[in-house]
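Notes follow the structure.
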Amino acid sequence: MPSIIEITDFLAPELDVYARLTEVQLLNREYPEKGLFIAESPKVIERALNAGCVPVSILVEKKHIEGEAKEIIARCADIPVYTAEFDVLTQLTGFKLTRGMLCAMRRPKLPSVEDVCSGARRIAILENVMNPTNIGAIFRSAAALNMDAVLLTPACSNPLYRRAIRVSMGTVFQIPWTFLGGDENSWPDSGMQTLREMGFKTAAMALSDDSVTIRDPRLLSEDKLAIILGTEGDGLATETIAQCDYTVRIPMSHGVDSLNVAAASAVAFFQFGQIE
């Protein structure tokens, strides 16, 4: 039986994870094995559970206990379920809960790059993409458009930030991902070397004099292709582009020179994902 606990004390330490801890505190870089993340809405929580993530506690609007949240609560029968009315939860968290439900979960141990890319033919590499909204949108496109994995450079925002999870609709739990290397100096040199050793050709999404169109047939013919997307604003670093096998542009009209990185990812994934 689940332990349903009515919220009577806003300052209860059990509620810190939902109301007072920052994303950096949840990440817990010093003790990553103790790190947590917050999944929001029954669908997203279900995808996290299906991926093997371990729940710690649930915060749910009272009316959903026997409604949308019922099956999730049944799957998590041995953890505390904190509950209150809508207005109380909004006051506690500072925002309206999506579908009335949050779940605190333990951060899983990150897999190796080799494990993530085992058997993969189409992967995305994100270089210094720092906006969690963009991270979430890219993951959603990657899942929808047949990418096999996502790799992130160390300066990227973490895909398990609450906003990234929410925007991705939980696809961060469906697409294999990990970070490349252990520090910012590992990219592009050692990261590119790892990709080459795994047999990937690299395609930098960037504007340059020698770029090829996204429709170039050589790109589709590559057995293993890594699509590399750069940070908001500046795009890919010059040294990254220089080490790639291809520099690829998306044809534009009306004088537009580029797309937001999330929009560009969707175009590239659609072209290279080879959905039948």
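Here the structure is a predicted model, which means the values were calculated and not measured.
The side chain to side chain contact (heavy atoms under 4.5 Å, CB included) check on Ala142 picks up Met147, Val150, Phe269, with sequence neighbours excluded. Taking Asp9 as the reference, nothing meets the salt bridge (charged side-chain N to carboxylate O under 4.0 Å, His left out) condition, with sequence neighbours excluded. Under the side chain to side chain contact (heavy atoms under 4.5 Å, CB included) criterion, Ser253 pairs with no residue, sequence neighbours left out. In this structure, the side chain to side chain contact (heavy atoms under 4.5 Å, CB included) partners of Leu259, at least two apart in sequence or on a different chain, are Ile250, Met252, Ala263, Ala264, Val267. Not a single salt bridge (charged side-chain N to carboxylate O under 4.0 Å, His left out) links Lys43 to another residue, sequence neighbours left out. In this structure, the side chain to side chain contact (heavy atoms under 4.5 Å, CB included) partners of Gln25, at least two apart in sequence or on a different chain, are Leu21, Thr22.
In summary, the aromatic rings of Phe173 and Phe139 are positioned with their centroids too far apart to meet the 6.0 Å limit.
Both Leu220 and Phe270 belong to a single network of hydrophobic side chains, linked directly or stepwise wherever heavy atoms of I, L, V, M, F, W or Y lie under 4.5 Å apart. Val167 and Leu102 end up in different hydrophobic clusters when Ile, Leu, Val, Met, Phe, Trp and Tyr side chains are linked at under 4.5 Å. Note on Met205: it clusters hydrophobically with Val256, by side-chain heavy-atom contacts below 4.5 Å among ILVMFWY residues.
The list of salt bridge (charged side-chain N to carboxylate O under 4.0 Å, His left out) pairs with a residue in residues 103-126, not counting sequence neighbours, reads Arg121-Asp223. The list of ring-ring contact (aromatic ring centres under 6.0 Å, His included) pairs with a residue in residues 221-245, not counting sequence neighbours, is empty. For residues 15-35, the set of pairs meeting the salt bridge (charged side-chain N to carboxylate O under 4.0 Å, His left out) definition, not counting sequence neighbours, comprises Asp16-Arg20. Identified under the salt bridge (charged side-chain N to carboxylate O under 4.0 Å, His left out) test for residues 190-205, with sequence neighbours left out: none.
Of the possible polar contacts, one joining the Thr231 side chain to the Asn128 backbone as a donor-acceptor pair under 3.5 Å is found. For Asp148 (side chain) and Ala120 (main-chain N/O), no donor-acceptor pair under 3.5 Å exists by modelled atom type.
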Enumerate, atom names and distances included, each donor-acceptor pair closer than 3.5 Å involving a side-chain atom of residues 44-58, sequence neighbours excluded.
from, atom 1, to, atom 2, distance (Å)
Arg47, NH1, Met169, O, 2.5
Asn50, OD1, Arg75, NH1, 3.0
Asn50, OD1, Arg75, NH2, 3.2
Asn50, ND2, Glu46, O, 3.3
Ser57, OG, Tyr18, OH, 2.8

Ignoring hydrogens and angles, write down the donor-acceptor pairs under 3.5 Å from the side chains of residues 233-241, residues two or more places apart or on other chains.
from, atom 1, to, atom 2, distance (Å)
Thr240, OG1, Glu127, OE1, 2.4
Thr240, OG1, Trp187, NE1, 3.4

